[in-house]
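Remarks on the structure that follows.
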Amino acid sequence: MARLAVLSFLYKAFSPPFLYLPFLVWSFFLWCFLIHPNSPLVLGAFWDSDDYIHFVRVIDWLDGQSWFDSVLHRLAPPEGVPIHYSRLAELPLAAIMWPLHALGLDWRMAAYLTACLYPPLLFAAFLSALVWVARAVMDPAWTRLTAPIALCAPYVTFQFSMGRVDHHGLAVLLTLLAVGCVLRFMRRPETWAWSVGAAFFLALGVSIALELLLWVLFLALFVGGCAVWGRREHALAGGLFGVSLFSFSNLFLALAVPPSHFFDLNPLAFSYLYVALAGAMAFVFLFTALVASIRNVQARVMSVGLFALLMGTTFLVSSPDLLAGPYGGVDPQLAVLLFPNISEAIPKIMLIAGWGRLFVLVLGPLVAIGISLWRMIKSRGQERALWFFFFLALSLSLILALFYQQRVTLYAQLFAVFPFAWLLHKGWIYLGKTKQGRSRFAAELCLILFVGPLFGVLLPALTDGRSFNKGVLLFPIQGTPNGKSITHGLWFVLGNLHYFGDHPRRILAMMDDGAEILFHTPHSVFAAPYHTNVRGNLRGMAFFTASDPHESLKIARELDADMVLVSPNMSPLYYNKSGEILIGSDGHQDLSPKASFAEQLAADRVPDWLIPVRIPFMQGYKLFQVKKDDEVARPQP
């Protein structure tokens, strides 16, 4: 009986309507994290600083900090730093952590378990959303084929990896739900729920991730095109979309900021600036509904286009920082320091060495664009408009990934799932009619490889030389969490207040270590890789890059720092910028007189105002205590 049950399960998973296929994909994804040696579940680490900071914010909130207080008080004390993350995106984390803490776990252990539980739950919701959106594109009996294709889209699956709890996975899910509503709006504009639903998901998406503003504008443009070119019902539903977008944006702003800051125009965080933009879009959609009675399509297009151009120009003239995106108001010095070192914010064409490698990485979206274009040419009516949507979305994603920021590759791979699922569906049916026996099996296997592993697994493996069980390949594990050696011993000792005088200290550390110190210890830090932390990052960088230790001492006194932590894997940002290298008499490389203070400390050239702190489990880190002003030996006159 058990054997028959297994066979029945497999038959239902691999034949239309593929009932259990998404569950098998989800199980495989989860299994990979349970057994892979680089899994966060095994290492007890998160992927990057954003994950740590989200948990720090949730712990602070559950420990009594105000919902509207966005300041991270232990970062760059005494003022603290306002963090642009949304409490709304952190609600699911709090919903899991609070019961775990109530059962007796401390906050950090509750955070570790949450980092293991939340991403798989979000991935299950994402797979369900894929199936729902695909019903607008293909036969419902074949929509579950989207799950195995998405599994081979590494930029997508990474957002749902264990240990990754930032807002990006939720942003992908909300974008997908908004796309599903917009596609249904195009087919059934008389069902106003789709207009309201699209507006809700887009407004919520922007409130938790400002990078979704691009897709708000794109989907709004598509809705506007349907409103102008479609039936009167499209125009009325478009007007409802605009009003709903503005209303929901106001609602989420009221939930995100205190009333006293409701009308702040801050481009660095979700603020009334983005609500005002939604209001300008609402005016355009209402104007479109107003001119829907004009029978001449060209006249409608011309009038709406001019009105939209007028509104857009007026808005951008009044808010020019928005032209630079959500980082338009960043301090110029900090922008020069941070952004060139954020790999995901660098255009793919500049980041990937070699045209062959670049071509391999963009080949999948290119093929999906070709499928969408071919279907657009072959289709008619609403079917043509649907494939035109995917053609535009894929083309925009690929262009932006190549020439703007490579992080947009995520959406190129996301939108490519649907053309590939359609191709797998039609190809499978065609082979069933034209092939038999072994030839059919071989042809079906080639088809499955083509629409799935070929672009995300096989070709990358052939071009970069990695084995199939490492990196962005067969296993959905991408590198080692946190990108460096795991330092549990260091954080355990550093977090023990009894070792350091029973009160939290202020620590000058590298930017890459700031978030971990905040999560693992009760201490404060000055530097962490966030664009709102202007003072802490700039002064911390000045401290570590100064060649003269006396300059570093002045900064330590200015910041009232208690301790200094030097990372063994410090960023090149902290090295001597002169390029001068000295060779000692024994032939070994010696420190240059212009060596940065960080390099001096790493080489054990320690000034008398720092006391080395010897503790176990340092794992290459160097920790120093800053002497008080009256403890430092003063030079004799």
- [ ] Check whether any side-chain heavy atom of D51 lies under 4.5 Å from a side-chain heavy atom of F519, and answer yes or no.
- [x] no
- [ ] Nearest 0.5 Å please: distance from the CZ atom of F270 over to the CD1 atom of I208.
- [x] 10.5 Å
Open item on the list: As an exercise, state the distance from CG of L366 to CG of L361, rounded to the nearest 0.5 Å.
Closed with: 11.0 Å
TODO: Say whether, by atom type as modelled, one donor and one acceptor occur between the side chain of T191 and the main chain of A193 under 3.5 angstrom.
DONE: no
- [ ] Please check if atom CH2 in W132 has more than 12 non-hydrogen atoms from other residues, nucleotides or ligands closer than 6.0 Å.
- [x] yes
- [ ] Quick one: sort the F222 and F389 rings into parallel, tilted or perpendicular, breaks at 30° and 60°.
- [x] perpendicular
Open item on the list: Are F455 and F420, when compared by the centres of their aromatic rings, separated by less than 6.0 Å?
Closed with: yes
Open item on the list: Checking the side chain of N537 only, and the main-chain atoms of H531 only, is there a donor and an acceptor separated by less than 3.5 Å?
Closed with: no
Open item on the list: Are more than 12 heavy atoms, taken from residues, nucleotides or ligands other than Y112, located less than 6.0 Å from that residue's OH atom?
Closed with: yes
Task: Heavy-atom closest pair, residues S372 and P419 - done: OG-CG, 3.4 Å
TODO: Name the orientation class of the two ring planes belonging to W47 and F158 (parallel below 30°, tilted from 30 to 60°, perpendicular beyond 60°).
DONE: perpendicular
Task: Residues that E90 engages under side-chain hydrogen bond (donor to acceptor under 3.5 Å, both in side chains), provided they are two or more places apart - done: H54, R57
Task: Spacing of CG belonging to L145 relative to NE2 belonging to H425, to within rounding of 0.5 Å - done: 8.0 Å
Open item on the list: In the structure I gave you, are the side-chain heavy atoms of L212 and L202 within less than 4.5 Å of one another anywhere?
Closed with: no
TODO: Work out which heavy atom in W61 is nearest to a heavy atom in A94; give both atom names and the distance.
DONE: CZ3-CB, 3.4 Å
Open item on the list: Distance check, rounded to the nearest 0.5 Å: L173 atom CG versus F123 atom CZ?
Closed with: 11.5 Å
Open item on the list: Would Y155 and V172 count as a side-chain contact (heavy atoms from CB on, under 4.5 Å) here? Give the steps.
Closed with: CA-CA 11 Å; Y155 283 87; V172 171; over 6 Å; no
Open item on the list: For R164 versus P119, what's the shortest heavy-atom pair and its separation?
Closed with: O-CG, 3.5 Å
- [ ] State the CG-CG distance between L414 and L176, to the nearest 0.5 angstrom.
- [x] 5.5 Å
Task: Test item: S249 and Y274 side chains (from C-beta on) under 4.5 Å apart, heavy atoms - done: no
TODO: Apply side-chain contact (heavy atoms from CB on, under 4.5 Å) to the pair N569 and D512, showing each step before the final yes or no.
DONE: CA-CA 10 Å; N569 302 316; D512 289 342; over 6 Å; no
Open item on the list: A side-chain contact here means heavy atoms from C-beta on lying under 4.5 Å apart; do L565 and V525 qualify?
Closed with: no
Open item on the list: Could you tell me if the side chain of V165 sits less than 4.5 Å from the side chain of F46, heavy atoms only?
Closed with: no
Open item on the list: Within a 6.0 Å radius of atom CZ on F68, are there more than 12 heavy atoms belonging to other residues, nucleotides or ligands?
Closed with: yes
- [ ] Compute the centroid of each ring, for W26 and then for F29, and state whether the two points are separated by less than 6.0 Å.
- [x] no
- [ ] Taking T143 for its side chain and R135 for its backbone only, find out whether a donor-acceptor pair lies under 3.5 Å.
- [x] no
Task: W142: which of W422, F418, F18 passes ring-ring contact (aromatic ring centres under 6.0 Å, His included) - done: F18
TODO: With sequence neighbours excluded, tell me which residues meet salt bridge (charged side-chain N to carboxylate O under 4.0 Å, His left out) with D50.
DONE: none
Task: Point-to-point distance, once rounded to the nearest 0.5 Å, from CD of Q413 to CG of L398 - done: 11.0 Å
Open item on the list: Quick one, L396 with L214, criterion side-chain contact (heavy atoms from CB on, under 4.5 Å). Give me CA distance, side-chain angles, the key distance, then yes/no.
Closed with: CA-CA 10 Å; L396 178 63; L214 166 67; 4.3 Å; yes
Open item on the list: Angle between ring planes, Y85 versus H167, binned at 30° and 60°: parallel, tilted or perpendicular?
Closed with: tilted
Open item on the list: Please verify the inter-ring angle class for F248 with F252; under 30° counts as parallel, over 60° as perpendicular, anything in between as tilted.
Closed with: parallel
Task: Any F55 side-chain heavy atom under 4.5 Å of M97 side chain - done: yes
- [ ] Specify whether H101 and W107 have parallel, tilted or perpendicular ring planes, treating 30° as the upper limit for parallel and 60° as the lower limit for perpendicular.
- [x] parallel
Open item on the list: Assess the residue pair S397 and V408 against the criterion (side-chain contact (heavy atoms from CB on, under 4.5 Å)); give the C-alpha distance rounded to whole Å, side-chain angles, the decisive distance to 0.1 Å, and a yes or no.
Closed with: CA-CA 6 Å; S397 301; V408 190; 4.3 Å; yes
- [ ] Could you list the residues that satisfy side-chain hydrogen bond (donor to acceptor under 3.5 Å, both in side chains) with R184, not counting sequence neighbours?
- [x] none
Open item on the list: So which atom in F126 and which in A150 form the shortest heavy-atom distance, rounded to 0.1 Å?
Closed with: CE2-CB, 4.2 Å
TODO: Might you point out which heavy atoms bring C181 and G197 nearest each other, and give the distance in Å?
DONE: SG-C, 3.8 Å
Task: Where D69 and R87 come nearest, the two heavy atoms and their spacing - done: O-NH2, 2.8 Å
TODO: Report yes if the side chains of F33 and C116 come closer than 4.5 Å at any heavy-atom pair, otherwise no.
DONE: no
TODO: Give a yes or no answer on whether the side chain of R144 reaches the backbone of V131 with a donor-acceptor pair at less than 3.5 Å.
DONE: no
TODO: State, with a plain yes or no, whether a side-chain heavy atom of N250 is found less than 4.5 Å away from one of S247.
DONE: no
